[in-house]
Amino acid sequence: MTDANPETQAVPSNFLREIIAEDVRIKKYGDAVIQTRFPPEPNGYLHIGHAKAICIDFGLADEFGGKTNLRFDDTNPEKEEQEYVDSIMEDVRWLGFDWERLCYASDYFPQLYEWALQLVKAGKAYVDDLSADEIRQHRGTLTEPGKDSPYRNRSVEENLDLFTRMKQGEFPDGSRVLRARIDMASPNLNMRDPVMYRILHASHQRTCDQWCIYPMYDYAHGQSDSLERVTHSMCTLEFTDHQPLYRWYIEQLGIFPTQQIEFDRLNITYTMLSKRKLLQLVQERRVNGWDDPRMPTLCGIRRRGFTPEAIRTFVAASGVSRTNGFTDIEMLEHFQRDDLNHRARRAMAVLRPLKLVIDNYPAGQEEFVEVANNPEDSSAGTRQVPFSGTIYIEQDDFREVPPPKYYRLSPGKEVRLRNAYFVTAQSVVKDEAGNIVEVHCTYDPASRGGNSPDGRKVKSTMHWVSAAHAISAEIRLYGNLFAKADPYDLAENQDVLDNLNPNSVEILTSAKLEPSLANAKLEDRYQFERVGYFCLDPDSTPGSLVFNRTLALKDSWAKLEKKTGA
RNA sequence: UGGGCGAUCGUCUAAUGGUAGGACAAUGCCCUUUGGAGGCAUUUGUCCAGGUUCGAAUCCUGGUCGCCCAGCCA
């Protein structure tokens, strides 16, 4: 590897880029620019798997100076809604992309109908009166060829008449379909006279009641690509078997030959990316809506505090190929932490408070200590944080009987309160049940700011919040939505939703935060020092704040503890 | 079992007949006013068996394993 460019070194090339680069090099499309499209069906919210497709469709076109259309694949009025159209546009923009043209497959319904007529006239399509059930039976199986429908050899005149009347609404739903006449014995099931049009007396979200016949995906997609002069139509692997049909329609019609190229879907451990199942989670209220911070939807992870930059970096780093694997969710988390580490303002927040009383701190005194807003970024400045003789520390940060390698507070041990003073634990106060409710300590006034003039070292630095100045907040901690790395690792008779993690959210109601957090805005990103990355949740009201934990900080002590404890 | 697609560290991904490399994870050390971050180092890999070749992850043959397809969904 002699590539000196760090960008291209960090993100290796892939087969899609190479195909496009070659097509550009040989001027396969003459002077036309590279044209791609992102073609979601508006039947659900976009998720992180779509983010990969978006980055590929928009990103690759961008790279070669091309253009990308956003096209809604709205050929099934029974499942599609305007709500989804709106959310998809919002999510694509949020991810950082903008489209050249906003298109709808439904815009092409008239053209598609004309082309269907053309195929009928050419003897390449026919109206079939078989029921859905009968069509299935005639289709054959994976190992046996199909059988011709008795209606397969109708005259062109009769087909024309019937198809026209289908369009005019003379027949009930399901009574007839228009099929392509290809080959009922093809080893590729998609070529066994696929249905082109079905009768659906359903109101479409855009064309309303203009149509009662709707084209199937296969009959609409390739031609839509062609009409938009899409040069490279990237889609996921499960459409590989559709490619012969995709090309068949284009060839029969003699229209612009878009090339379809398939790539692998994104799979992430502990994550399920099935639109149908995600919808079920929402409908059955197993989660609190599409934007529940545990959801892998773009609106969900956005609410959770993930950033578009990190998602794009993750997608680029996880690569694209034609194998189907599982990417570790740790990789996503790594790139998100890395992004937030550089940009998130630091603050101090105690999630599970334990009162610490400084016995030798002058009664009634309070003062402000100066704290860096982001040690990774000096331009973020500093702020003043109030300190006093009674503060809260994390319950985890005190142990009456410290285990080996425990560096935090314990009786007789001295630690640093971040940016404030050294303190030494002296005694504990317990309730009747024996729980520690208060720790008493002494401080060294000479260590103000967090350093002792005598050069004394401490093993640990802890975050804190002054009790008198603290604000309260609800904190929501999120874990993986699924308990298994592969949610589809199922026992007999199990459903994927049986693998839901029962403890995917934990709500803390007694957290104490430094007062500056009262001014937090929805788009702000914070690192609560030593704890994790957090953002304000829209459920917040001025008097009662709610923070979501985007991700915990890596915790090598927790790891050590787990290892030695186990 | 018909057809299609695929198989490289634990995971994801490069190497396009010429030194198997990177990222994540893991491990150890250093550093640290976040047990965070950072730095350094280390471990682990070409599905199997043959063949072609001076030389094979790459080409050929045969296996094995995995994924997709029998919607009037996309």
[X] near the nucleic acid: base, sugar-phosphate alone, or nothing, with a heavy-atom cut-off under 4.0 Å?
X: His242(A); value: base
X: Arg176(A); value: nothing
X: Leu237(A); value: nothing

Among [options], the nucleotide that comes nearest once only the side chain of [X] is considered:
X: Asn14(A); options: rG36(B), rC72(B), rA14(B); result: rA14(B)
X: Asp264(A); options: rU34(B), rU13(B), rA74(B); result: rU13(B)
X: Asp241(A); options: rC69(B), rG35(B), rA70(B); result: rC69(B)
X: Ser556(A); options: rC72(B), rU34(B), rG35(B); result: rG35(B)
X: Asp328(A); options: rG35(B), rA70(B), rG10(B); result: rG10(B)
X: Leu142(A); options: rA74(B), rG35(B), rG2(B); result: rG2(B)
X: Arg198(A); options: rC12(B), rG2(B), rC72(B); result: rC72(B)
X: Arg322(A); options: rG6(B), rA14(B), rU34(B); result: rG6(B)
X: Met331(A); options: rC24(B), rA74(B), rG35(B); result: rC24(B)
X: Arg530(A); options: rA37(B), rC73(B), rU34(B); result: rU34(B)

Classify the side chain of [X] and the base of [N] as holding, or not holding, a donor-acceptor pair under 3.5 Å.
X: Glu330(A); N: rU11(B); value: no
X: Asp555(A); N: rG36(B); value: no
X: Arg136(A); N: rG71(B); value: no
X: Glu238(A); N: rG4(B); value: no
X: His138(A); N: rA70(B); value: no

Considering all heavy atoms, the nearest Trp464(A)-Ile393(A) contact: CB-CG2, 4.4 Å

Arg176(A) versus Phe171(A), closest heavy-atom pair with distance: NH2-CE2, 3.3 Å

Counting only side-chain N and O atoms of [X], is one of them less than 4.0 Å from OP1 or OP2 of [N]?
X: Thr323(A); N: rC67(B); value: no
X: Ser321(A); N: rU13(B); value: yes
X: Thr75(A); N: rA74(B); value: yes
X: Arg139(A); N: rC72(B); value: yes
X: Lys559(A); N: rA26(B); value: yes
X: Lys554(A); N: rA25(B); value: yes
X: Arg337(A); N: rG36(B); value: no
X: His463(A); N: rU34(B); value: no

Tell me if the aromatic rings of [X] and [Y] count as close, with their centers under 6.0 Å from one another.
X: Tyr104(A); Y: Phe72(A); value: yes
X: Phe163(A); Y: Tyr197(A); value: yes
X: Tyr84(A); Y: Tyr45(A); value: yes
X: Phe534(A); Y: Phe528(A); value: yes

Show each protein N/O and nucleotides 41-47 of chain B N/O combination with a separation under 3.5 Å, one pair to a line.
none

Anti or syn, where syn is a glycosidic angle within 90° of 0; which label fits rG71(B)? syn

Under a 3.5 Å cut-off for both distances, is rG36(B) Watson-Crick or wobble paired, and to whom? none

Phe326(A) CZ to rG66(B) P, straight-line distance once rounded to whole Å: 15 Å

To the nearest Å, give me how far apart CZ (Phe534(A)) and P (rU34(B)) are. 18 Å

Closest-nucleotide 5' rank along RNA chain B - winner of His334(A) and Thr240(A): Thr240(A)

By salt bridge (charged side-chain N to carboxylate O under 4.0 Å, His left out), which residues pair with Asp339(A), not counting sequence neighbours? Arg343(A)

In sequence, state the C-alpha distance, the side-chain angles, and the governing distance for Glu262(A) and Arg322(A), and then conclude on salt bridge (charged side-chain N to carboxylate O under 4.0 Å, His left out). CA-CA 8 Å; Glu262(A) 310 85 13; Arg322(A) 291 177 67 89; 3.1 Å; yes

Trp211(A) six-ring face occupied by Lys167(A) cation (under 6.0 Å, within 45°): yes

Could you tell me whether a side-chain N or O of Gln336(A) sits under 3.5 Å from a main-chain N or O of Ile311(A), the two making a donor and an acceptor? no

Inter-nucleotide C1' distance (rU11(B), rA25(B)), Å rounded: 7 Å

